[in-house]
A.B. asks: 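Just passing along the structure, written as C-alpha cells.
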Amino acid sequence: MQDKVNLAKTRNIGLAAHIDAGKTTTTERILFYTGRVHRMGEVDDGDATMDWMPQESERGITITSAATTCRWRDHRINIIDTPGHVDFTVEVERTMRVLDGLVLVVCAVGGVQAQTETVWRQADKYRVPRMVFVNKMDRIGSDFHEVLHQMRSALGADVIATQLPIGSEDKFEGIIDLVRMRSIRWGDELGVEMEYGPIPADYENLAGKFREYLIVSLAEIAPGIEKKFFAEEQPAEAEILAALRKGTINNNLVAVSCGSALKNRGIQPLLDDIVDFLPSPLDVPSIQGKDPKTGQTLLRTADPEEPFAALVFKVVSDPFVGQLSYTRVYSGQAEKGRIVYNPVAGAKHRIGRLLRMHANRREEIEQVWPGDIVAVVGMDNANTGDTLCDPNESIVLEKIAFPEPVITMAIEPRTTADEEKLDDALRILTIEDPTFDTRVNPETDQRVIAGMGELHLDIIKDRLLREFKVEANLGKPEVSYKETVTAQAVGEARFVRQTGGRGQYGHVALRLSPAESGSGLQFSSEIKRGAIPPEFVPAVEDGVEEAMQSGSIAGYPVVDVQVVVTDGSYHEVDSSDHAFRIAANKAFRDAYEKAQPVLLEPMMAVEVVTPEDYMGEVVHDLTQRGADIEQMRATSGQTRTINALVPLAGMFGYSTSLRNVTQGRGTYVMEPHSYQPCENKNTD
C-alpha cells in the first residue's frame with residue numbers, strides 16, 4: 001500500500017490558453033525540468049508528450065485534456081493540459097470543475113484573445129485561483145506591458161507583475177525577479193543553467209516602480225506588509241511570498257510572470273510560483289453536495305478520515321483496459337477492489353484498477369487519497385459528472401453543465417457490415433464527450449450527429465475510422481436551429497377515448513409565454529380546487545416536454561418558454577397519466593400556434609486576426625456573411641483584430657475564404673454566443 005500523500009505539498013493545476021499561445025509547449029518544458037521526461041517534445045514536430053492522439057500530432061493542436069504528475073521542490077504537481085480550440089471547450093469546462101489552481105498562458109504578441117476571455121469566465125464560474133504566464137517574449141511584436149493593460153481592461157483582472165522581461169523579441173535575455181529584486185538569465189540552450197545577478201542599470205528605475213506597486217498592492221491584504229510600508233521598511237521575502245499566496249488563493253490578485261517556453265526561458269521560476277502561490281487541496285473550500293435522499297446540503301473536506309467522495313469528470317474508452325473514469329478524489333480514501341456507490345446511476349461499482357496517468361501512459365497504484373486525480377477501471381456505468389462515494393455515506397456532488405451542440409451532420413455507414421459497428425462507436429463517443437450527440441431523425445430515418453463545430457465533427461469522423469475501424473459518409477454541415485415564442489397565448493385540449501372497457505380522459509388548459517433566454521422550460525401549476533389531481537401534474541409536464549421536441553415552424557426544438565397550467569378536468573375512472581400527457585401535448589401545440597413563434601439561429605462570436613493590408617477584404621467578406629462588426633483594433637505592429645457577431649450558417653467554409661482573402665496570413669476563432677431570431681430564413 002502506498003504512503004499517505006502530503007496534501008500541503010500537493011498542487012492540482014491546469015494549463016489553459018487561447019489556441020497557439022504555447023500552452024502545450026510550456027507543459028512540455030515543465031515535464032522536462034521536473035525530470036518527468038528526459039527529452040523535450042515539440043508541438044510542431046508532432047511529438048509533444050501531452051498531445052498523444054494521432055489527430056493532435058498531425059494538426060499541431062490539443063484536442064483532449066491530458067493528465068500527468070511531476071515533482072518540484074518536494075511538491076507533487078498534478079497537471080491537466082487543456083485544449084485551446086473552442087470546439088473542444090468541453091475539455092476545459094470539466095477540467096475547471098476539478099482544479100485547485102490554474103496557469104493561464106497568454107501570448108506576448110496576441111495578448112488577450114477570444115479564448116483567453118472564455119477560459120477566464122470558466123475560471124470565474126468555478127472560482128479557480130489563477131496566475132498568468134506571458135509566453136513568447138522572444139517573438140516579434142511581443143509586449144509584456146500591453147498584455148498587463150489588456151488583462152486589466154478586457155478581463156477586469158487585478159494583475160500584479162512578479163517579474164519583468166529583460167529585453168523583448170530577439171533581444172529577450174532573461175527576467176527580473178521583483179520578489180527577490182534580482183535578474184535571472186540562462187547560460188545554455190536547454191535552459192538548465194540559471195544565472196542570478198543584479199538588476200541591469202537601465203532597468204533599475206522600471207523595476208523600482210513595479211516593485212513599489214507590488215508592495216502597495218500586497219499592503220492592502222497583508223497588515224504586516226502595510227505596517228512596514230508606512231514605516232518605509234522593506235518586507236522580507238517570506239512575507240511577500242505569503243501575501244502573494246494568500247491573495248491568489250482568495251482570488252484577490254493574479255500574479256503575472258513571463259518567459260519563452262520555446263526558447264527554454266522562464267519555466268523554473270514559473271514552477272516556483274506554482275508551488276509558492278497556487279493552493280493545495282487543504283487551501284480550497286470544502287466541496288459541497290446533497291444527500292440523495294433528503295436533499296440536505298453536505299460538506300466533504302480534504303481529510304482521509306472522512307467518508308469517501310469523488311467526482312468523475314471525464315470518461316475515456318481505452319482499447320486495452322475498457323472504460324477509464326478520470327476521477328478527482330475530494331475526501332476519504334479508497335483502495336483497489338473496494339466497493340463504491342454511484343448515487344446518480346443508483347449502482348455500486350467495484351474499483352478494478354487505479355491508474356495514475358501520464359498522457360496516454362499509465363502507472364498502476366494501490367490506493368487513492370484526497371487531492372488525487374486518477375483513472376479508475378471498472379466503472380462501466382459511470383458518466384461524466386457522476387459521484388463516487390461511500391455506500392453508507394451517500395452524497396451527490398454538483399454535476400458539470402455543458403453547452404449544447406450547434407452544428408449537425410447526417411452520417412451513414414458505407415456498408416451494411418459497418419452499421420452495427422457505427423452504432424456502437426457513436427454510443428461510446430457520446431459517453432466520452434457530453435457536447436457530442438447522435439440521434440435518428442424520425443422523419444427521414446437518417447442518423448444525425450451533432451457537435452460544437454466543423455473541426456469537432458471532423459475529428460469524430462477521423463476517430464471512427466482510426467479507432468473503431470468504421471468507414472462512414474458525412475453529409476454537409478447543418479445549423480441546429482431552435483424555435484421559441486414572442487407573445488403570450490392560451491391553449492386547451494381534451495383527450496377522450498372510449499373503447500368499450502375503461503376509457504381515457506384528460507383535459508388541460510395552459511398559458512404559454514416567453515421566458516428568459518437560456519432558461520429552457522419554466523413549468524408551474526396554478527390549478528385550484530383539484531381540477532387536475534396533483535398526481536397527474538407530472539404527466540402534464542411530460543406532455544409539454546414532448547411537444548417542445550418539435551416546433552411548428554420547421555420542426556426544431558422549442559426553447560425558453562414559460563408554461564403555466566391554469567385549469568382542466570378529470571374523470572374518476574378514465575383519467576390516467578397517458579391521457580393527461582396527450583392532452584397537455586395538444587394544449588401546448590394549440591397555444592404555440594397563437595404565441596407568435598419564431599425561428600432562432602445560433603450566433604457566433606468571431607475574432608479574426610489579419611494583417612492591416614487585408615482589413616477591407618476581411619470586413620467585406622464578414623459583412624457578406626451577415627456579420628455585425630463589433631470592434632476593430634490594432635493588436636501589434638501591422639496586425640489588426642476584428643470582433644464580430646455572425647450567424648453560424650454564414651461561417652461554413654470560412655477558413656478557406658479567409659485563407660484566400662489574406663493569402664494564408666489571417667487566422668480566426670469563434671465560439672457560440674447566443675440564439676437570436678432570424679427572419680425569412682430558409683432552413684431546408
Side-chain angles (χ1 to χ4, degrees), residues 17-30 32-33 40-45 48 60 84 103-113 116 132-151 161-178 182-207 209-210 256-271 273 609-613 633-641 662-667:
H18 181 89
I19 190 170
D20 203 32
K23 167 184 49 57
T24 299
T25 303
T26 302
T27 308
E28 197 72 20
R29 273 35 178 189
I30 287 174
F32 176 76
Y33 294 121
M40 288 183 277
E42 301 293 351
V43 173
D44 291 343
D45 295 339
V103 177
L104 181 67
V105 181
V106 179
C107 175
V109 181
V112 174
Q113 297 169 281
T116 316
V132 173
F133 178 65
V134 180
N135 191 28
K136 301 192 177 183
M137 284 305 308
D138 61 305
R139 290 275 299 275
I140 294 174
S142 62
D143 191 334
F144 179 77
H145 303 285
E146 175 61 20
V147 172
L148 292 178
H149 170 71
Q150 289 181 16
M151 294 198 70
T162 56
Q163 297 173 7
L164 292 177
I166 301 175
S168 63
E169 301 182 342
D170 58 346
K171 293 183 173 59
F172 176 61
E173 300 176 11
I175 61 174
I176 295 171
D177 180 347
L178 293 171
R182 65 185 181 185
S183 66
I184 305 176
R185 289 181 169 88
W186 284 263
D188 64 324
E189 284 297 316
L190 280 178
V192 175
E193 299 173 9
M194 292 194 293
E195 301 171 352
Y196 302 100
I199 295 172
D202 52 343
Y203 277 87
E204 285 181 353
N205 286 339
L206 183 65
K209 290 178 181 177
F210 272 83
V256 182
S257 59
C258 61
S260 168
L262 188 63
K263 298 295 185 182
N264 310 320
R265 303 290 185 263
I267 303 302
Q268 297 98 324
L270 173 63
L271 279 161
D273 289 350
V609 179
T610 176
E612 186 178 20
D613 294 346
R633 55 188 168 87
T635 308
S636 63
Q638 300 299 309
T639 303
R640 298 293 179 264
T641 298
T662 63
Q663 298 183 18
R665 296 170 63 192
T667 61

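Here the structure is a predicted model, which is why all the values come from computation and not from measurement. We're numbering straight along the sequence, starting at 1.
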A.B. asks: Rounded to the nearest 0.5 Å, what separation is found between the CZ atom of R265 and the CD atom of E189?
C.D. replies: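 Going from the CZ atom of R265 to the CD atom of E189 covers 6.0 Å.
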
A.B. asks: Evaluate the side-chain proximity of H18 to V106: yes if any heavy-atom separation is below 4.5 Å, no if none is.
C.D. replies: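 Contact flag for V106/H18 side chains = no.
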
A.B. asks: CG/D613 to CZ/R640 distance, rounded to the nearest 0.5 angstrom?
C.D. replies: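 It comes to 9.5 Å.
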
A.B. asks: Of all heavy-atom pairs between E169 and G141, which one has the smallest distance, and what is that distance?
C.D. replies: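 Closest approach of E169 to G141: OE2-N, 2.6 Å.
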
A.B. asks: Please give me the minimum heavy-atom distance between C107 and Q113, naming the atom from each residue.
C.D. replies: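 Closest pair (atom of C107, atom of Q113, distance): CB-OE1, 4.4 Å.
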
A.B. asks: Does R185 come within less than 4.0 Å of E195, counting only side-chain N to carboxylate O?
C.D. replies: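 Result for this pair is no, no salt bridge flagged.
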
A.B. asks: Look up atom OG1 in T25 and atom NZ in K263, then write down how far apart they are to the nearest 0.5 Å.
C.D. replies: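 It comes to 12.0 Å.
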
A.B. asks: Given side chains that start at C-beta, do those of K136 and L262 come closer than 4.5 Å, heavy atoms only?
C.D. replies: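 Not in contact.
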
A.B. asks: I'd like to know if the side chain of N264 reaches the main chain of R29, judged simply by a donor and an acceptor atom lying under 3.5 Å from each other, with no hydrogens or angles considered.
C.D. replies: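 No, N264 side chain to R29 backbone: no donor-acceptor pair under 3.5 Å.
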
A.B. asks: Which heavy atom of I175 sits nearest a heavy atom of I166, and at what distance?
C.D. replies: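 Nearest pair, atom of I175 first, then I166: O-CD1, 3.6 Å.
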
A.B. asks: Out of the candidates L148, T162, I176, only one should pair with F210 under the side-chain contact (heavy atoms from CB on, under 4.5 Å) rule; please name it.
C.D. replies: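 The option that passes is L148.
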
A.B. asks: Do side-chain atoms of D177 reach the backbone of I184 as a donor and acceptor pair under 3.5 angstrom?
C.D. replies: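 Not confirmed, D177 side chain does not pair with I184 backbone.
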
A.B. asks: On a heavy-atom basis, which atom in A21 and which in A17 lie closest, and how many Å separate them?
C.D. replies: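 So the minimum-distance heavy-atom pair works out to CB-CB, 3.8 Å.
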
A.B. asks: Mind checking whether L164 and K209 have side chains closer than 4.5 Å, heavy atoms only?
C.D. replies: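 Of all side-chain heavy-atom pairs linking K209 with L164, none is under 4.5 Å.
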
A.B. asks: Does the side chain of V109 come within less than 4.5 Å of T639's, by heavy atoms?
C.D. replies: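 A side-chain contact under 4.5 Å is absent here.
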
A.B. asks: Any donor and acceptor pair, going by atom type alone, linking the side chain of N135 with main-chain N or O of V105 inside 3.5 Å?
C.D. replies: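 No.
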
A.B. asks: Taking side chain as C-beta onward, heavy atoms only, is Q268 less than 4.5 Å from W186?
C.D. replies: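 Of all side-chain heavy-atom pairs linking W186 with Q268, at least one is under 4.5 Å.
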
A.B. asks: Which heavy atom in Q163 sits nearest to a heavy atom in P269, and how many Å separate them?
C.D. replies: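 Minimum heavy-atom separation between Q163 and P269: NE2-CB, 3.5 Å.
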
A.B. asks: Using atom types as modelled and distance alone, determine if a side-chain donor or acceptor of Q150 lies under 3.5 Å from a backbone N or O of V112.
C.D. replies: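 Side chain of Q150 to backbone of V112, a donor-acceptor pair under 3.5 Å: yes, one is there.
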
A.B. asks: For residues S168 and F144, determine if any side-chain heavy atom of one lies less than 4.5 Å from a side-chain heavy atom of the other.
C.D. replies: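 The answer is no, as the side chains (C-beta and beyond) never meet within the 4.5 Å cut-off.
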
A.B. asks: Which heavy atom of F172 sits nearest a heavy atom of P165, and at what distance?
C.D. replies: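 The answer is CE1-CB, 3.9 Å.
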
A.B. asks: If we ignore hydrogens and angles and just use 3.5 Å, is the side chain of S142 paired with the main-chain N or O of D138 as donor and acceptor?
C.D. replies: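 Side chain of S142 to backbone of D138, a donor-acceptor pair under 3.5 Å: no, none is there.
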
